[in-house]
Amino acid sequence: MSFRFKEGLNTASIIGLLGTTLSLILLVTYGTQYYIDRDVVVSSETLADKKTEYEITKLDAEISRIRSDTAGSLFWLKLIALFVTVGGAIGGYLIGQSRTTIAKLNFENRKNVDEVYQSIVQELANESPILRAAAAVKLGAVLRSFPAEWNVSDARKEQLIQLTKQVLAASLSIETDPKVLKTLTISIALHKPESSDELVNLRELDLSGAKASDAYWAKCNFEYADFYSANLSQVSFRKSNLSSAQFRESYLQGAVFDEAICIKTNFKLADLRGASFEQASLDSVNFENAKVYAVRIDEAHFSNTPDCQVDISVDGDGSQLISVDDWLAGEQS
């Protein structure tokens with residue numbers, strides 16, 4: 001849906017229009033007065049009677065005063081006062097009306113945009129999986145290429161983009177249909193970074209309880225994201241930034257962390273069986289009680305690991321607990 005509105009006159013246009021109007025008034029007034037007075041001629045050159053000459057001189061002075069009032073200095077002073085009073089009033093009214101009109105149009109535009117956006121979000125709760133998947137695709141399109149026809153401010157655009165990510169993240173914990181879940185995992189990572197070298201910005205998202213099995217979230221920035229008790233089996237975090245992310249009690253069987261940044265990442269009570277950390281950077285990672293059977297840490301870099309235990313049992317039942325240092329030493333050897 002398109003939302004294009006014709007804006008009201010701007011300040012420069014109003015000033016130009018007011019100046020043109022006042023100039024026309026001046027020309028009409030002065031021109032009318034000029035044509036009225038140009039034929040008025042009083043002369044006493046042919047009169048010898050002193051009394052008559054005196055009367056004519058007096059009449060000439062009266063005419064001069066009248067001309068001063070209608071076309072001379074007094075006329076201009078009155079005309080300027082008229083322009084200041086009337087022009088100021090008209091100009092102020094027009095400017096006020098223009099700003100009010102623009103404000104009304106912006107308000108109506110925002111209402112229309114909000115209504116369209118809310119209708120898309122409401123489709124995520126539809127009983128039909130197809131419509132829910134379609135809604136996820138539409139929200140992904142908003143992230144991939146924000147609709148220019150919505151004509152919103154940069155601040156409002158950023159708000160809608162962030163809101164879209166939060167809505168998609170919440171849907172991942174509510175949705176049950178596998179196809180819709182897959183569509184959601186794709187859509188949430190469609191926000192293109194400004195530079196090709198930058199990661200997709202998914203910082204600080206609440207993805208707790210998310211059902212994102214098999215998601216492809218490579219080259220994403222998940223700093224401070226919360227994946228508490230999320231199902232992330234077979235998820236690819238290749239080359240992603242997971243600094244300070246929380247994976248407590250998450251299911252990460254077969255997840256790929258190759259070349260990922262895991263500085264101060266929390267894997268406490270997480271199930272990491274079959275996960276791969278090839279060439280990953282793991283600094284101050286907390287693996288306390290993590291299930292790490294068959295975890296691959298080829299060429300992974302560890303430092304400042306806390307003194308805790310990990311579960312290396314095949315079934316992850318806690319029957320084989322060893323210190324994380326012993327586990328790392330054994331895996332890397």
Side-chain angles (χ1 to χ4, degrees), residues 172-173 178 181-182 185-186 188-189 199-200 202 205 207-333:
L172 282 170
S173 64
L181 285 170
K182 185 62 177 179
T185 62
I186 295 172
I188 199 173
L199 304 179
V200 177
L202 295 171
L205 277 183
L207 288 156
S208 56
K211 296 182 281 290
S213 179
D214 295 321
Y216 184 75
W217 285 340
K219 295 184 179 180
C220 293
N221 186 354
F222 284 105
E223 284 186 282
Y224 299 98
D226 185 5
F227 293 95
Y228 173 75
S229 192
N231 182 1
L232 304 170
S233 59
Q234 307 297 325
V235 171
S236 175
F237 289 107
R238 184 186 298 272
K239 296 183 179 180
S240 290
N241 186 355
L242 304 173
S243 300
S244 300
Q246 301 297 315
F247 288 94
R248 181 185 174 94
E249 299 184 34
S250 295
Y251 299 92
L252 292 156
Q253 301 96 327
V256 177
F257 295 92
D258 297 353
E259 300 181 63
I261 301 173
C262 299
I263 299 174
K264 296 183 179 180
T265 305
N266 182 12
F267 289 102
K268 185 175 182 179
L269 299 174
D271 190 341
L272 288 159
R273 286 175 292 177
S276 172
F277 286 91
E278 185 175 349
Q279 297 185 25
S281 176
L282 298 102
D283 184 11
S284 303
V285 175
N286 184 0
F287 282 104
E288 185 176 353
N289 294 327
K291 301 176 179 68
V292 295
Y293 177 78
V295 169
R296 294 177 51 194
I297 53 174
D298 313 47
E299 302 181 50
H301 308 288
F302 289 86
S303 62
N304 301 322
T305 53
D307 184 14
C308 60
Q309 292 184 321
V310 293
D311 182 7
I312 62 172
S313 63
V314 177
D315 298 326
D317 56 6
S319 59
Q320 291 180 273
L321 296 175
I322 63 173
S323 69
V324 69
D325 291 334
D326 291 342
W327 168 65
L328 292 175
E331 290 296 323
Q332 291 180 332
S333 63

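Keep in mind that what you see is a predicted model, and the values were worked out from it rather than measured.
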*Are Leu272 and Phe247 close enough that some pair of their side-chain heavy atoms sits under 4.5 Å apart?*
no

*Are Leu252 and Phe227 side-chain neighbours, meaning at least one heavy-atom pair lies under 4.5 Å?*
no

Just verifying a value: how many Å separate [X] [atom1] and [Y] [atom2], rounded to the nearest 0.5 Å?
| X | Y | atom1 | atom2 | result |
| --- | --- | --- | --- | --- |
| Ser319 | Ile312 | OG | CD1 | 8.5 Å |
| Ser313 | Ile322 | OG | CD1 | 10.5 Å |
| Phe222 | Phe237 | CZ | CZ | 5.5 Å |
| Tyr224 | Ser244 | OH | OG | 4.0 Å |
| Ser208 | Leu172 | OG | CG | 11.0 Å |
| Ile186 | Ile188 | CD1 | CD1 | 12.0 Å |

Donor-acceptor under 3.5 Å ([X] side chain, [Y] main chain):
| X | Y | value |
| --- | --- | --- |
| Lys239 | Ala260 | no |
| Trp217 | Thr185 | yes |
| Asp311 | Gly318 | yes |
| Arg273 | Val314 | yes |
| Ser240 | Asn221 | no |

Testing the basics here: between [X] and [Y], what is the closest heavy-atom pair and its distance to 0.1 Å?
| X | Y | result |
| --- | --- | --- |
| Val285 | Cys262 | CG2-O, 3.0 Å |
| Ala215 | Lys182 | CA-NZ, 4.2 Å |
| Asp214 | Val235 | N-CG2, 4.0 Å |
| Thr265 | Leu242 | OG1-O, 2.6 Å |

_Greater than 12 external heavy atoms within 6.0 Å of Lys211's NZ_ = yes

Taking only residues two or more places apart in sequence, or in another chain, which ones meet [X] in a side-chain hydrogen bond (donor to acceptor under 3.5 Å, both in side chains)?
| X | answer |
| --- | --- |
| Ser276 | Asp258 |
| Asn266 | Gln246 |
| Asp283 | Ser303, Asn304 |
| Asn289 | none |

_Under the rule for side chain to side chain contact (heavy atoms under 4.5 Å, CB included), what residues qualify as partners of Ser243, not counting sequence neighbours?_
Glu223, Asn241, Ile261, Ile263

*What pairs with Ala280 under side chain to side chain contact (heavy atoms under 4.5 Å, CB included), at least two apart in sequence or on another chain?*
Phe277, Leu282

*Indicate whether the side chain of Asp325 and that of Ser323 have a donor and an acceptor atom separated by less than 3.5 Å.*
no

*Check the pair Val310, Leu321 against side-chain contact (heavy atoms from CB on, under 4.5 Å), reporting the backbone distance first and the verdict last.*
CA-CA 6 Å; Val310 293; Leu321 296 175; over 6 Å; no

*May I ask you to decide if the ring planes of Phe267 and Phe257 are parallel, tilted or perpendicular, using 30° and 60° as cut-offs?*
perpendicular

